[in-house]
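A short write-up of the structure that comes next.
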Amino acid sequence: MKNIVRSVKGTRDFYPDEMARRAWLVEKLKAASEAFGYQRYEGPCLETIDLYAAKSGEELVKEQAFVFEDRGGDPITLRPELTPTLARMVASQQNELVFPLRWWAFGPFWRYERPQKGRTREFYQWNIDLIGSDSVQADAELLAVAANFLSLVGLRADMVQILINDRRLMDRKLTEIGIGTQTKPELLKLIDRIDKQPADIWEKNVTDLGLSAGQVDAIKVLLANTDLWQESEELSQVFEYVRALGVGEYIRYEPKIIRGLDYYTGLVFEAHETKGDFRAILGGGHYANLVADVGGQPLPGVGFAMGDVVVMLVLEAYGLLPSNLSYPGTVFVTVFDEKMLVESIKLTKELRESGFNVILAEPDKLGKQFKLADRLGVKFALVLGPDEFANGTVTVKDLRSFEQRSILRTEIGSIF
RNA sequence: GUGCCUGUAGCUCAAUGGCAGAGUGCUUCACUGUGGCUGAAGAUGUUGAGGGUUCGACCCCCUUCAGGCACCCCA
């Protein structure tokens, strides 16, 4: 490479094609959100470190947030997640807002991590939450939003599954096995990682927590039991409701799903590509108290987050990313020669008045102009040459089908 | 933050210490009113960067940057 100043590690440049794909993604998740009555909101990208300090002990903030001093010397954080911002926004308007809230957001986030596939330092995330309800109905609704989104972008249930579990159920089962309250949080984290660690190392880690051989075996049996959900009234209802919502085939019980975040208290879920080649596409769950750490009345809710990186990789792998997004409604007007230039300019004006987006070429060989139009990805190219001008017509060529026809210039607005 | 792998033309990759190449793409022409085909010609590199070893380095060594894989964490 030449001496071009480098971009910041872990950031991405969005050239028009990629920007069009991101806009397409936003369009889809917006549609999925709004179909269930969710409203868009946004918070600042810059926050004080105090907002996150409330969640002390979280590695996310301590080790993975970008923190720097502003010119006044105050510590500023580039937001690594949206939940604390959401909590603040809800807490400070708690008496005016109409609950339950149905809110969604899409924006950039930053985490100082080692970049690799599906993980960058600057990424975009869709956050969606239903706040102020503790019901199973709310849990099922969020699962349905996620499933509807997957369906909207063309990911079928055989490609992506939403794996669900319930922390209350797991807590109960661990108690039955005789696991103490102090051991549970660490053990749950290990369960969450069981598929990432070699079996012997995992077993050693569990034993190190003080579990007996009999308890380790009992946990293995537990984690292999995909019918365990039947022992949970809530999960049984979730399955009933998501079937009624028409997305039952996307939802599957998986006892290994725990989620790393501490604040989940009930339902937890992750969407995974079924062949297992990717990180989780989205993840979320039910929390008992959103605003506890920032002051305010306790508020339960359920929500999930989806990063832009993994879902786009999955969509690409399945060939589901739409092409030719750059110039969807644009027509390309060729310029036959210098003499026809002014008349061609007038044609572009007429087209724009009819509501078209128009690109005007510069005089050149027609072949070159058509090639340019083709490479730009526009669908229609127009020719206004001496013959057309004499007849009061324009030649319209569909660059995809190679068909072309002659139409009256006075009817230009109604032809496409 | 830990361990390992990779980095050569716009892109995908060759060249195992001895003249930096191919495919594809790109430009021009065949084609004086038409882009996907065909044929012909042409252009393109500080081999990621910096240093070292050597008569000689894409190749070996060191440093650094970037990407990837597994941890960690999570979207």
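All chains are named by letter (A, B, ...) in the order of the sequence lines, taking the proteins before the strands, and each is independently numbered beginning at 1.
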NA contact type, [X], heavy-atom cut-off 4.0 Å: base, sugar-phosphate, or nothing?
X      : value
A:S7   : nothing
A:G10  : sugar-phosphate
A:V383 : base
A:L372 : nothing
A:Q369 : nothing
A:A280 : sugar-phosphate

Length of the line joining [X]:[atom1] and [N]:[atom2], which is rounded to integer Å:
X      : N     : atom1 : atom2 : value
A:L376 : B:U34 : CG    : P     : 20 Å
A:F336 : B:G33 : CZ    : P     : 5 Å
A:N127 : B:A75 : CG    : C1'   : 9 Å
A:Q404 : B:G33 : CD    : C1'   : 9 Å
A:F66  : B:C73 : CZ    : P     : 19 Å
A:R79  : B:A75 : CZ    : C1'   : 13 Å
A:K379 : B:U34 : NZ    : C1'   : 17 Å
A:L29  : B:A75 : CG    : C1'   : 13 Å

So which atom in [X] and which in [Y] form the shortest heavy-atom distance, rounded to 0.1 Å?
X      : Y      : value
A:E18  : A:D13  : OE1-O, 3.2 Å
A:I251 : A:F239 : O-CE2, 3.7 Å
A:H286 : A:P300 : NE2-CB, 4.5 Å
A:E122 : A:R12  : O-NH2, 3.3 Å

What string of B, S and - do you get for nucleotides 25-30 of chain B, 5' to 3', if B is base contact, S is sugar-phosphate-only contact and - is no contact with any protein heavy atom under 4.0 Å? -SSSSS

Identify which nucleotide among [options] has an atom closest to any side-chain atom of [X], counting heavy atoms from C-beta outward.
X      : options             : answer
A:D387 : B:G33, B:C73, B:G35 : B:G33
A:L399 : B:G33, B:G35, B:A75 : B:G35
A:Q116 : B:G35, B:C69, B:G33 : B:C69
A:K196 : B:C71, B:A75, B:G35 : B:C71

Kindly say if [X] contacts the phosphate of [N], meaning a side-chain N or O under 4.0 Å from OP1 or OP2.
X      : N     : answer
A:K9   : B:A66 : yes
A:R193 : B:C73 : yes
A:R111 : B:C72 : no
A:K117 : B:C69 : yes

Could you pull out the protein-nucleic contacts involving nucleotides 2-6 of chain B (nitrogen or oxygen on both sides, under 3.5 Å)?
from, atom 1, to, atom 2, distance (Å)
B:U2, O4, A:R114, NH1, 2.9
B:G3, O6, A:R114, NH2, 3.4
B:C4, N4, A:R114, NH2, 3.2

If I take atom CD from residue A:Q125 and atom CG from residue A:L282, how far apart are they, to the nearest 0.5 angstrom? 10.5 Å

Enter the distance from A:T334:OG1 to A:L384:CG here, rounded to the nearest 0.5 Å. 7.5 Å

If we take the [atom1] atom in both [N] and [M], what is their distance in whole Å?
N     : M     : atom1 : value
B:G68 : B:G48 : C1'   : 15 Å
B:G33 : B:A43 : P     : 31 Å
B:G45 : B:C58 : C1'   : 12 Å
B:A20 : B:C4  : P     : 34 Å
B:U64 : B:A75 : P     : 32 Å
B:A49 : B:U8  : P     : 10 Å
B:C60 : B:A15 : P     : 12 Å
B:C37 : B:G1  : P     : 49 Å

Under-4.0 Å salt bridge between [X] and [Y]:
X      : Y      : result
A:D398 : A:K379 : yes
A:R102 : A:E141 : yes
A:E113 : A:R111 : no

Checking A:R40 side chain against A:W103 main chain: does a donor-acceptor pair fall under 3.5 Å? no

Salt bridge (charged side-chain N to carboxylate O under 4.0 Å, His left out) against A:D74, all qualifying residues, sequence neighbours excluded: none

By salt bridge (charged side-chain N to carboxylate O under 4.0 Å, His left out) - contacts of A:K28 (at least two apart): none

Which residues satisfy the side-chain hydrogen bond (donor to acceptor under 3.5 Å, both in side chains) test with A:E34, sequence neighbours excluded? A:K30

What does the 5'-to-3' dot-bracket notation of RNA chain B look like when only Watson-Crick and G-U wobble pairs under 3.5 Å count, and pairs to other strands show as |? (((((((..((((....[..)))).(((((.......))))).....(((((..]....))))))))))))....

Can the ring centres of A:F106 and A:Y124 be said to be less than 6.0 Å apart? yes

A:W126 vs A:F149, test: ring pair (Phe, Tyr, Trp, His ring centres under 6.0 Å). Steps then yes/no. CA-CA 11 Å; A:W126 175 31; A:F149 164 79; 5.2 Å; yes

Taking the nucleotide of RNA chain B with the nearest heavy atom to each, does A:D195 or A:D308 sit closer to the 5' end? A:D195

Position toward the 5' end of RNA chain B (nearest nucleotide), A:R119 or A:G367: A:G367

Is A:E270 side chain donor-acceptor paired with the B:A75 base, going by distance under 3.5 Å alone? no

Using the aromatic ring of A:F109 (for Trp, its six-membered ring), decide whether it stacks on the base of B:A75 within the limits of 5.5 Å and 30°. no

